[in-house]
Every structure is written in C-alpha cells, then in structure tokens.
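Take a look at the structure below.
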Amino acid sequence: MSTTNMATSSNYWEDLRKQARQLENELELKLVSFSKLCTGYSSSSSRDQRTRDSRSDSVGSSQDNMLVAMTTELEQLLANLTAVNDKMAEYTNSPGASSRSAALMHTLQRHRDILQDYTLEFHKTKSNFLSLREREDLLGSVHRDIESYKSSAGVNNRRTELILKEHEHLRNSDSLIDNAISIAIATKENVTFQRGMLKSIQTRVTTLANRFPTINSLIQKVNLRKRRDSLILGGVIGVCTILLLLYTFH
C-alpha cells in the first residue's frame, strides 16, 4: 500500500474513533438527563398525587412528549453508535489494517463494551420508569375511585374514612420506595461517572505507552542506576565505618 493510501486509511480510522467518542459522550449526558427526568417525574407525582390528578391534560401530555422525544433521541444515538462500530469492524478486516490488527481490535472491543453498557443502562432505566408509571397510574385510579365514593357517600362515612386511611398508608409506603429508588439511581450515576473517568485514564495511559515505547525502558534504566548508586553509597559507608572502628580500637 502506498504512503498516501496508508495515510488516508489512518485518517479514516481516526475519524471513526472521533465519531464514536463524540456519540459516547453525548449518550452519557443524555442517559443522565433521561434518568433524572424519569426520577423527577415519578417522585413529583408520588409527593402530590392529588395535584397530578387535578392537573390539566396539556401539562401531562407535555411531560410525556418530552420523555418520548428523549427516548427516541437516545435510540437514534445508540443506532448511530452501532453503525460507527460496524464501520470500525469492517475497517479492521480490511487488508490495509493487518499491520495494526491487534491494537485496532482492542480499541474496537472497548467501544463495543461501552455501547453495550449504555444500551443496557438505557433499557433498564426505561423499564424501571414504565413500571413506576404503571404503579402510579394504578394508585391514581384507586385515589379517584375513593374520592368519587367519598363524594357520593359523604364525609362522615366510616368506611370511606377507613379506605382513605389505608390509601394514605399506601401513599406513604410508595413515597419511601421512590426515595430509596432515587438514592439507588443517584448512586448508580456516580458509579457510572467514576467508571467513565477510570476508563478515560486507562485509555490515556495505554495511548501514552503505545505512543512512547521508550519511556518504560528509560524508567527501568533510571531505577537500575539509582539501585547501583545506593549499593555504592552503602559500600562506602560500610568501609568508612570499619576503618573508623579499627582506628578507634587501635
């Protein structure tokens, strides 16, 4: 392969890596926002179920539309990242990439792992949110039924009061569960961020090691020289000590 073709091929690979990193960064930010939006949606409705029941349809539709739009955007970003990974895989199988196949395959595998993590996180967050919304809708339906029964039977109806108290207990339990879920999601976000930082540091160290292979050799030479100097200094100190002792006793 000519020098021009090699340079063009290398630039194509670097462009693919830039696209992958850009999509991964965008996905990470979008996933955090999506998780916060889902958590805020469920928490706000749990804190004030009555307000949610009485709010206008336009407000609910707006919030639902926002979630649908963000879900569609995340699915598109995941599809784009998958397409970039497929192009990178095709490049690693091309004849011009055989000389660097090991390094390319390592990079490709790392991007595939990141894609898999983000895909699993997206589906898990989406599934958790759908489950929470179904439960909240069920509780909201129960609440509306109780309110309707209360209006028809009167405030002083003993049975209605017992049902309301039981419903209040359910709401309190649901609020505690939502708080625990919020804490777990926040912890997961922090762990994901730390994992991303560690991966970034590992990538930089690997890049430096591949780019400057003589650094390890230089460090080893410096360590050997320091060890030799330490041995020489120790020998000189030992000899001086022995001479000083001989002089003292004679």
Side-chain angles (χ1 to χ4, degrees), residues 1-39 66-131 184-217 219:
M1 181 180 291
S2 63
T3 304
T4 303
N5 291 335
M6 291 179 63
T8 303
S9 178
S10 178
N11 291 335
Y12 176 70
W13 173 257
E14 289 300 324
D15 289 341
L16 290 176
R17 289 193 62 189
K18 289 179 181 178
Q19 293 178 25
R21 287 195 295 268
Q22 182 178 357
L23 289 170
E24 289 166 359
N25 293 334
E26 191 172 357
L27 268 169
E28 184 175 359
L29 295 176
K30 293 291 183 182
L31 284 172
V32 172
S33 299
F34 181 65
S35 178
K36 290 181 178 179
L37 182 62
C38 293
T39 304
M66 186 181 302
L67 285 167
V68 171
M70 185 167 289
T71 300
T72 303
E73 186 176 0
L74 283 169
E75 290 174 348
Q76 184 61 45
L77 288 173
L78 289 172
N80 293 341
L81 184 56
T82 301
V84 172
N85 283 351
D86 291 340
K87 291 180 181 179
M88 295 173 71
E90 292 177 1
Y91 177 84
T92 57
N93 295 326
S94 62
S98 58
S99 60
R100 299 185 299 152
S101 59
L104 297 181
M105 289 300 297
H106 174 75
T107 301
L108 175 60
Q109 185 60 42
R110 183 171 58 82
H111 286 292
R112 282 177 171 173
D113 292 340
I114 293 174
L115 172 61
Q116 183 180 8
D117 291 341
Y118 286 163
T119 302
L120 291 175
E121 182 177 351
F122 168 69
H123 289 299
K124 185 176 180 180
T125 303
K126 181 180 177 182
S127 177
N128 290 339
F129 168 71
L130 292 176
S131 299
I185 291 176
T187 303
K188 180 178 179 297
E189 290 176 0
N190 292 331
V191 172
T192 302
F193 177 76
Q194 293 176 5
R195 181 183 63 189
M197 292 292 294
L198 291 175
K199 285 185 177 180
S200 177
I201 293 172
Q202 182 181 5
T203 301
R204 292 178 182 176
V205 172
T206 304
T207 302
L208 289 174
N210 293 333
R211 186 176 298 176
F212 304 105
T214 58
I215 291 179
N216 291 331
S217 177
I219 292 174

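Residues Gln194 and Asn190 bring no donor and acceptor atom of their side chains to less than 3.5 Å of each other. Side-chain polar atoms of Gln76 and Asn80 form a donor-acceptor pair below 3.5 angstrom.
The distance from the CD atom of Glu26 to the CG atom of Leu81 is 10.5 Å, given to the nearest 0.5 Å. Leu23 CG to His111 NE2: the interatomic distance, rounded to the nearest 0.5 Å, is 10.5 Å. Summarising the geometry, atom CG belonging to Asp117 is positioned 11.0 Å from atom CD belonging to Glu28; distances are rounded to the nearest 0.5 Å. Atom-to-atom distance recorded for Phe34:CZ and Thr71:OG1 is 4.0 Å, nearest 0.5 angstrom. Residue Leu16 holds its CG atom at 12.0 Å from OG1 of Thr107, rounded to the nearest 0.5 Å.
Without hydrogens or angle criteria, Thr92 side chain to Ala89 main chain gives a donor-acceptor distance under 3.5 Å. A donor-acceptor pair under 3.5 Å is absent between the side-chain atoms of Ser127 and the main chain of His123, judged by distance alone. Within the 3.5 Å criterion, the main-chain N or O of Leu31 finds no donor-acceptor partner in the side chain of Ser35. The backbone N or O of Gly196 sits nowhere less than 3.5 Å from a side-chain atom of Ser200 that would complete a donor-acceptor pair.
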Exercise. Does the salt bridge (charged side-chain N to carboxylate O under 4.0 Å, His left out) test come out yes or no for Asp15 and Lys87, once each step is laid out?
Worked result: CA-CA 11 Å; Asp15 289 341; Lys87 291 180 181 179; over 6 Å; no
For this session: For Met88 and Arg17, run side chain to side chain contact (heavy atoms under 4.5 Å, CB included): C-alpha distance rounded to whole Å, both residues' side-chain angles, the deciding distance at 0.1 Å, then the answer.
Result: CA-CA 8 Å; Met88 295 173 71; Arg17 289 193 62 189; 4.0 Å; yes
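Using a 4.5 Å heavy-atom threshold, the side chains of Glu189 and Lys36 count as touching. Using a 4.5 Å heavy-atom cutoff, the side chains of Thr119 and Lys124 are not in contact. Considering only heavy atoms from C-beta on, Thr72 comes within 4.5 Å of Val68 through its side chain. Under the 4.5 Å side-chain criterion, counting only non-hydrogen atoms from C-beta, Phe122 is not in contact with Leu27. At least one side-chain heavy atom of Ile114 sits under 4.5 Å from a side-chain heavy atom of Lys199.
In this structure, Leu104 and Tyr91 approach most closely via the heavy-atom pair CD1-CE2, 3.7 Å. In plain terms, the two heavy atoms of Leu115 and Asn85 that are nearest each other are CD2-ND2, 3.3 Å.
Salt-bridge annotation for Lys126 and Glu75: present, with a side-chain N of the basic residue lying under 4.0 Å from a carboxylate O of the acidic one. Taking a cutoff of 4.0 Å between a charged side-chain nitrogen and a carboxylate oxygen, Glu121 and Lys188 qualify as a salt bridge.
Applying the ring pair (Phe, Tyr, Trp, His ring centres under 6.0 Å) test to Tyr118 and every residue at least two apart in sequence or in another chain returns nothing.
The number of heavy atoms from other shown groups lying within 6.0 Å of NZ (Lys30) does not exceed 12.
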